[in-house]
Amino acid sequence: MAHAQLMDRNLALELLRVTEAAALAAAPLQGRGDKLAADQRAVDAMRSALGSVDMKGTVVIGEGEKDEAPMLYFGEEIGNGLEPEVDVAVDPIDGTEFTANGLPGAMAVVALAERGSMFSTHVHYMDKLVVGRRARGVIDIDMPVEWNLRRIAKAEGMHPRDLTVIILDRERNKEVIEQVREVGPRISLISGGDVAGAITAANEQVTGKHVLLGSGGATEGVLAACAVKCLQGDMQARLHLRDDAERAIAEKEGHQPGKVITIDELCSGKNIFFAATGITTGDLLKGVRYEDFYAYTHSMVLRLASGTMRYVDAWHEMSKLRAKGLLPEQVL
């Protein structure tokens, strides 16, 4: 009971400080062509901010291994050591290429839930199918693309041609793209940032895009599931195994190759908290911008237990950001 009461605190607002810190640290490197430096600044800021949160946190989904980037590593203990015990999923920058190249849609992301409730894997990719609440319960990732799109369209009260499907623009998704084209919906190809893509598909406040399909990062998949569940949407996934080595990893972790992973298996928690802060402006969030004396941030904060979705505008005194090391003198 005590653990449940501790989890009832609105940790999402504490996580907001974490994603704001990561976004503010990375933002000065927008468009400067150095994604590793931006990622390192975001990781360092996120790790420091997480250290002050009242929790015994364990990183069960981290970022960095697949591209040798800076990382909050799997199994890392974070928080100040107080209760509650929680699983934490992090992506200090969802869209490092976007940040480095000054492109839309990069954001800093954190999710947490009860200990033992998040799916964890070292496999790098997973196939995903994400929809909003109207299409909850009608999808089956094992069925053909056309079968799913027709059922989703019916649930949305639309013709399949009127759907917009978000797909990560990768060679491995070429077949999925062709199958969607055959049915007739519009396709919104994204070059990265599929956490934002999944939220866009599930978020009723963002109109005009209804489905996310195709393979993307496994880290991003678990983070997306936390947000989609808070938004009352639906998601199914399946580990995308590129070779025998990845199959062996999955089997060693106890994951059955080819098994459908439901949203409740991706995150079974009842107390899920999710926060994201924009780094560069995209469909979902505005990016960091600098004014005379303040840095502006735009964030999304979700909490499953209350069903609350908050958008938070914040202005941060730049002299204090410099004092904290979040705004280097030599960059701005």
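The analysis underlying the following values was restricted to heavy atoms, covering all of them including side chains, and did not include hydrogens, waters or symmetry mates.
Thr281 places no side-chain N or O within 3.5 Å of a backbone atom of Lys286 that could act as its donor or acceptor partner. Of the possible donor and acceptor atoms, none in the side chain of Ser48 sits under 3.5 Å from a partner among the backbone N and O of Asp44. Side chain of Thr280 to main chain of Gly105: a donor-acceptor pair is present (N/O by atom type, distance under 3.5 Å, no hydrogens or angles). The backbone N or O of Gly137 sits less than 3.5 Å from a side-chain atom of Asp234, completing a donor-acceptor pair. The backbone N or O of Val60 lies less than 3.5 Å from a partner atom in the side chain of Ser120, making a donor-acceptor pair. Without hydrogens or angle criteria, Ser52 side chain to Ala49 main chain gives a donor-acceptor distance under 3.5 Å. For the pair Arg186 (side chain) and Asp162 (backbone), a donor-acceptor distance under 3.5 Å is present. Proximity of a side-chain donor or acceptor of Glu85 to a complementary backbone N or O of Arg115 within less than 3.5 Å is not detected. Within the 3.5 Å criterion, the main-chain N or O of Phe119 finds no donor-acceptor partner in the side chain of Glu265.
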- Message: Could you go through Arg47 and Glu76, starting from their C-alpha distance and side-chain angles, then the distance that decides it, and tell me whether this counts as salt bridge (charged side-chain N to carboxylate O under 4.0 Å, His left out)?
- Response: CA-CA 10 Å; Arg47 179 179 280 118; Glu76 181 172 350; 2.7 Å; yes
- Taking it one step at a time, do Leu285 and Thr277 satisfy side-chain contact (heavy atoms from CB on, under 4.5 Å)? CA-CA 7 Å; Leu285 293 169; Thr277 300; 5.6 Å; no
- Checking side-chain contact (heavy atoms from CB on, under 4.5 Å) for the pair His316/Leu326: CA distance, chi angles, key distance, verdict? CA-CA 11 Å; His316 311 262; Leu326 296 177; over 6 Å; no
- Could you go through the side-chain contact (heavy atoms from CB on, under 4.5 Å) check for Asp264 and Lys229 one step at a time? CA-CA 8 Å; Asp264 288 329; Lys229 191 168 182 178; 2.8 Å; yes
- Item | Step-by-step side-chain contact (heavy atoms from CB on, under 4.5 Å) determination, His255 to Leu239 | CA-CA 9 Å; His255 303 313; Leu239 292 178; 3.8 Å; yes
- Steps toward side chain to side chain donor-acceptor pair (under 3.5 Å) verdict (Arg170, Ser215): CA-CA 8 Å; Arg170 297 289 187 273; Ser215 76; over 6 Å; no
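Connection of Tyr296 to Phe293 is established within a shared hydrophobic cluster, with ILVMFWY side chains joined at heavy-atom distances below 4.5 Å, either directly or through further cluster members. A chain of hydrophobic side-chain contacts below 4.5 Å, direct or via other Ile, Leu, Val, Met, Phe, Trp or Tyr residues, connects Leu163 to Val138.
Across all their heavy atoms, Met118 and Val88 have their closest contact at SD-C, 4.2 Å. Closest non-hydrogen pair, Arg303 versus Cys230, comes out as C-SG, 4.1 Å. Nearest heavy-atom pair, Pro92 versus Ala22, reported as atom, atom and distance to 0.1 Å: O-CB, 4.2 Å. In this structure, Tyr290 and Ala27 approach most closely via the heavy-atom pair OH-CB, 3.3 Å. Closest heavy-atom contact between Ala26 and Ile279: CB-CD1, 4.2 Å.
Using a 30° and 60° split on the angle between ring planes, Tyr311 and His298 fall in the parallel class, below 30°.
Two residues are said to be in side-chain contact when any heavy atoms from C-beta on lie closer than 4.5 Å; Ile177 and Glu182 fail this criterion. Counting heavy atoms from C-beta outward, Ile139 and Ile152 have side chains that approach closer than 4.5 Å. The side-chain heavy atoms of Val18 and Glu14, taken from C-beta on, include no pair separated by under 4.5 Å. When side chains are defined from C-beta on, Lys209 does not count as touching Asn203, because their heavy atoms never get closer than 4.5 Å. Contact check for Ile199 versus Met107: side-chain heavy atoms found under the 4.5 Å cut-off. Between Arg17 and Val53 the shortest side-chain heavy-atom distance falls below 4.5 Å. When side chains are defined from C-beta on, Asp34 does not count as touching Leu29, because their heavy atoms never get closer than 4.5 Å. Residues Val288 and Leu24 meet the side-chain proximity criterion, which asks for heavy atoms closer than 4.5 Å.
Counting non-hydrogen atoms of other residues, nucleotides and ligands closer than 6.0 Å to CG of Asp244 gives a total of 12 or fewer.
In summary, the side chains of Glu253 and Thr121 do present a donor paired with an acceptor at a separation below 3.5 Å, with no hydrogens or angles considered.
A salt bridge between Glu114 and Lys270 is absent, with no side-chain N of the basic residue lying under 4.0 Å from a carboxylate O of the acidic one. With respect to the salt-bridge test (charged N to carboxylate O, under 4.0 angstrom), the residues Arg151 and Asp140 do not qualify.
For the pairing with Asp94, the side chain to side chain contact (heavy atoms under 4.5 Å, CB included) check across Thr99, Val109, Thr219 returns one residue only, Val109.
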